[in-house]
Amino acid sequence: MDYSVISERISLKVSAKGHQADRTKIEGKLRRLIEEFGVPPQEAERTVLNELARDLSIPDLVPGTGAAAGEERQLRQLSSGDWATIEAKVVSLSSSPSAAISQTGILADPTGAMRFVVWAKANAPRLSVGSWYRFESVVVDEYRGSPNLKIHSGTTIKEISRETPLIPEILAIGDLTPGIGSVKGKFIQEWDVSHDRMLQAGLLGDESGTVKFVIWKEEGKERLNPGTVYSVYYALVDEYQGRMSLNLTTATVVPEEGDIPVSGGERVFTGALVHIAPGSGLIKRCPVEGCNRVLSRQNYCPVHEIQPGFLYDLRIKGWLDNGEETREILVQREVTEKLTGISIQEAKDLAENNPLGMDEVFLRMRERILGRFFTCRGREIDQRILVSECGFHHFDPGEIPALLNRAGGAP
Amino acid sequence: MVTPERPSFTRREATFEREPARRVFAAELRETRIHFREGDDEKSPTYVLLPTGERCNRVFLVGTLTEKKKQGEQNMFYRARVVDPTGTFFIMAGSYQPEAMQQMARIEAPAFVAVAGKPNVYETPDGATLISVRCESVTPVEKETRDRWVLDCARSTLDRIDKMGTTKYGERAQKEYHTDPAVFRKMVFEALTQLSM
């Protein structure tokens with residue numbers, strides 16, 4: 001991005017007030033705010049102006065307006081109704097369902113993937129799997145609730161050479177949204193096929209949940225083996241009555257070694273950790289057989305009184321919040337160690353060698369996990385989840401297209 | 001699970017529900033003016049009415065803290081600006097929020113922060129309304145968490161817009177604010193496009 005326009009505007013404003021401003025410094029500050037911290041250009045301009053105003057004691061420096069966007073787009077930026085130019089790789093082709101369609105399949109770029117169709121009337125060159133192309137003037141519409149690229153007679157297609165390998169992002173099964181998705185799941189249940197053309201149907205599961213899948217009969221398609229873990233790349237994700245299903249016919253399916261844990265019907269809750277309660281971090285427990293109660297700072301057990309021979313333990317008590325509902329989470333030692341990166345031994349050393357003692361452990365854990373997003377799984381009793389597994393819920397750019405579609409759709 | 005010895009205590013415990021922290025973009029919170037109390041008790045929770053139609057007692061937001069100011073002598077408190085892709089939140093932390101105040105003391109702007117807190121509407125003598133968030137916590141976080149929040153907030157906002165005609169607070173918001181859903185869809189759309197930058 002070019003910052004000279006904004007910095008010019010700022011320095012003009014400053015010099016109009018009879019002061020000198022260093023343009024390189026201004027540009028550096030703008031770059032830092034915009035690129036590193038994702039501040040919108042307008043707000044960055046305001047922030048830098050304000051800072052200068054303060055430093056130079058000039059009141060009333062008012063910000064102006066920002067700039068416009070380009071037309072070359074990446075897949076995850078596209079939503080229904082857009083016309084765009086894209087560069088993408090054909091990662092899969094499927095048999096054409098109708099004479100009006102010459103080819104259909106999936107395109108991917110580093111930001112995501114999308115279905116496409118080439119109309120027979122488009123007179124387009126044949127696309128081949130594994131090649132990169134530049135598509136000028138494609139149009140995006142919606143097909144069965146997910147975005148779809150249309151290649152029509154006005155589209156210019158050029159094959160381009162690209163060495164960048166594409167690594168599709170693996171999603172948790174519970175996070176799938178309509179469109180294209182890649183997951184790693186275990187084949188946990190095989191179902192009878194409900195149609196002559198269906199090769200296989202069943203359930204795939206991972207830690208976050210389970211999803212129905214189907215494979216349609218097509219040349220070269222093989223059946224999957226129940227009990228095996230598979231990585232599935234670029235599967236079609238459809239939604240039916242609020243439930244997702246995977247169509248693996250055109251996906252790349254790779255069997256994996258080993259086993260993965262699968263959701264056992266326990267509660268899975270995703271949200272932000274908005275509060276960590278006192279009593280989290282390093283705690284002391286009563287050593288009396290079968291008691292295990294948490295001791296006060298003075299090593300006092302409510303039942304067995306003073307217990308100097310206490311046992312150390314780690315835990316987190318806090319509130320996970322998804323904006324509509326909240327759950328109290330209770331995280332035991334092993335998961336606490338994994339989430340915070342602090343082992344019980346390190347926690348003990350910290351507490352014993354630090355002026356703040358056990359508080360230091362609490363503060364360090366807070367620094368690492370408060371305000372972050374997590375997916376927790378465990379038994380739920382009265383709004384409280386006894387967490388057996390928990391992981392960071394990461395940013396996934398693959399969610400953007402569906403949200404853009406919703407935001408840009410009809411009111 | 002019922003404890004026969006203390007039934008009233010058990011009942012009170014069971015009915016307690018923590019107020020969820022709503023996900024709201026700055027541009028929506030800025031338009032919020034209506035506030036009310038639910039129930040007659042002086043301890044009943046207070047809410048603001050979001051223009052997209054939800055009552056809101058608590059918010060969770062992630063953005064860039066761009067400015068921080070210390071104010072007051074006896075009762076020292078911090079004011080700060082936190083920026084998201086749609087605008088600016090005004091946040092504060094005083095001695096009634098010691099945890100947030102101590103966290104705020106250590107933050108150097110600019111920094112990504114995650115804020116949990118309570119929104120408050122103020123009326124200035126000249127009739128303008130201001131909304132600021134009294135912090136429960138202000139934690140420095142990574143850019144990844146900010147991006148995650150933008151997705152989360154986009155989804156929540158769209159969910160509220162989609163339900164607006166069918167819920168009590170949605171109808172109330174339409175009456176009080178004459179909310180145009182298209183304006184807020186556009187706000188969400190623009191916030192999301194900034195992520196792809």
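Each chain gets a letter, A, B and so on, in the order the sequences are listed, and its residues count up from 1.
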Less than 4.0 Å between a side-chain N and a carboxylate O, is that true for B:R160 and B:E28?
-> yes
Decide yes or no on salt bridge (charged side-chain N to carboxylate O under 4.0 Å, His left out) for B:D147 and B:K143, but give the supporting numbers first.
-> CA-CA 6 Å; B:D147 292 348; B:K143 180 169 187 296; 3.1 Å; yes
So what's closer than 4.5 Å to chain B heavy atoms on A:P40: side chain, backbone, both or neither?
-> both
Whatever's closer than 4.5 Å to a heavy atom in chain A on B:T66 counts as both
A:N50 side chain to A:A53 backbone, donor-acceptor under 3.5 Å = no
Any side-chain heavy atom of B:P119 sitting closer than 4.5 Å to one from B:R22?
-> no
Would a distance-only check, ignoring hydrogens and angles, find a side-chain to backbone donor-acceptor pair under 3.5 Å from B:Q71 to B:Y78?
-> no
For chain A, which of B:R81, B:E142, B:R58 has the most heavy-atom pairs under 4.5 Å?
-> B:R81
Determine the option with the most heavy-atom pairs under 4.5 angstrom with chain A, choosing from B:I161, B:V113, B:V141.
-> B:V141
Check for a donor-acceptor pair, side chain of A:S146 on one end and backbone N or O of A:E142 on the other, with a separation under 3.5 Å.
-> no
Heavy-atom pairs under 4.5 Å with chain B are the metric here; pick the option from A:E367, A:R366, A:E325, A:R54 that has the most.
-> A:R366
One option among B:V115, B:D84, B:D152 has the most heavy-atom pairs under 4.5 Å with chain A, and it is B:D152
Interface moiety of A:L370 toward chain B, non-hydrogen atoms closer than 4.5 Å = both
Please state whether the side chain, the backbone, both or neither of B:E67 comes within less than 4.5 Å of a heavy atom of chain A.
-> side chain
Go through the atoms of A:E43 and report whether side chain, backbone, both or neither lie under 4.5 Å from a heavy atom of chain B.
-> side chain
In terms of heavy-atom pairs under 4.5 Å, which option from B:E99, B:E54, B:M164 contacts chain A the most?
-> B:E99
Judged by atom type as modelled, is there a donor-acceptor pair below 3.5 Å linking the side chain of B:Y169 to the main-chain atoms of B:L50?
-> no
Please look at A:E36 and chain B and tell me whether the side chain, the backbone, both or neither of the residue comes under 4.5 angstrom of a heavy atom of that chain.
-> backbone
Check whether B:P140 gets within reach of chain A through its side chain, its backbone, both or neither, counting any heavy atom under 4.5 Å.
-> backbone
By ring pair (Phe, Tyr, Trp, His ring centres under 6.0 Å) - contacts of B:F89 (at least two apart) | none
Relative to chain A, which segment of B:R106 carries a heavy atom at a distance below 4.5 Å: side chain, backbone, both, or neither?
-> side chain
B:D162 with A:R406: basic N within carboxylate O range, under 4.0 Å = yes
Just by distance, do the side chain of A:T326 and the backbone of B:P20 share a donor-acceptor pair under 3.5 Å?
-> no
Turns out that what part of B:T139 lies under 4.5 Å from chain A's heavy atoms comes down to side chain
is_close_aromatic(B:F112, B:W149), centroid dist under 6.0 Å | no
Bottom line for B:V83: the part with an atom under 4.5 Å from chain A's heavy atoms is side chain
Cut-off 4.5 Å, heavy atoms of chain A, and the answer for B:T157 is neither
Would you check if there is a donor-acceptor pair between the side chains of B:T193 and B:E190 at a distance under 3.5 Å?
-> no
Proximal component of A:R327, with respect to chain B [non-hydrogen, under 4.5 Å] = neither
Which one of B:V188, B:D180, B:L158, B:D159 has the most heavy-atom pairs closer than 4.5 Å to chain A?
-> B:L158
A:R368 portion near chain B, given a 4.5 angstrom heavy-atom threshold = neither
Contact leader toward chain B among A:N322, A:L33, A:D396, A:L363, where contacts are heavy-atom pairs under 4.5 Å | A:N322
Six-ring centre of B:Y47, B:R55 cation under 6.0 angstrom, axis tolerance 45° | yes
Quick one: which of B:G63, B:C56, B:A111 has the most heavy-atom pairs under 4.5 Å with chain A, could you say?
-> B:A111
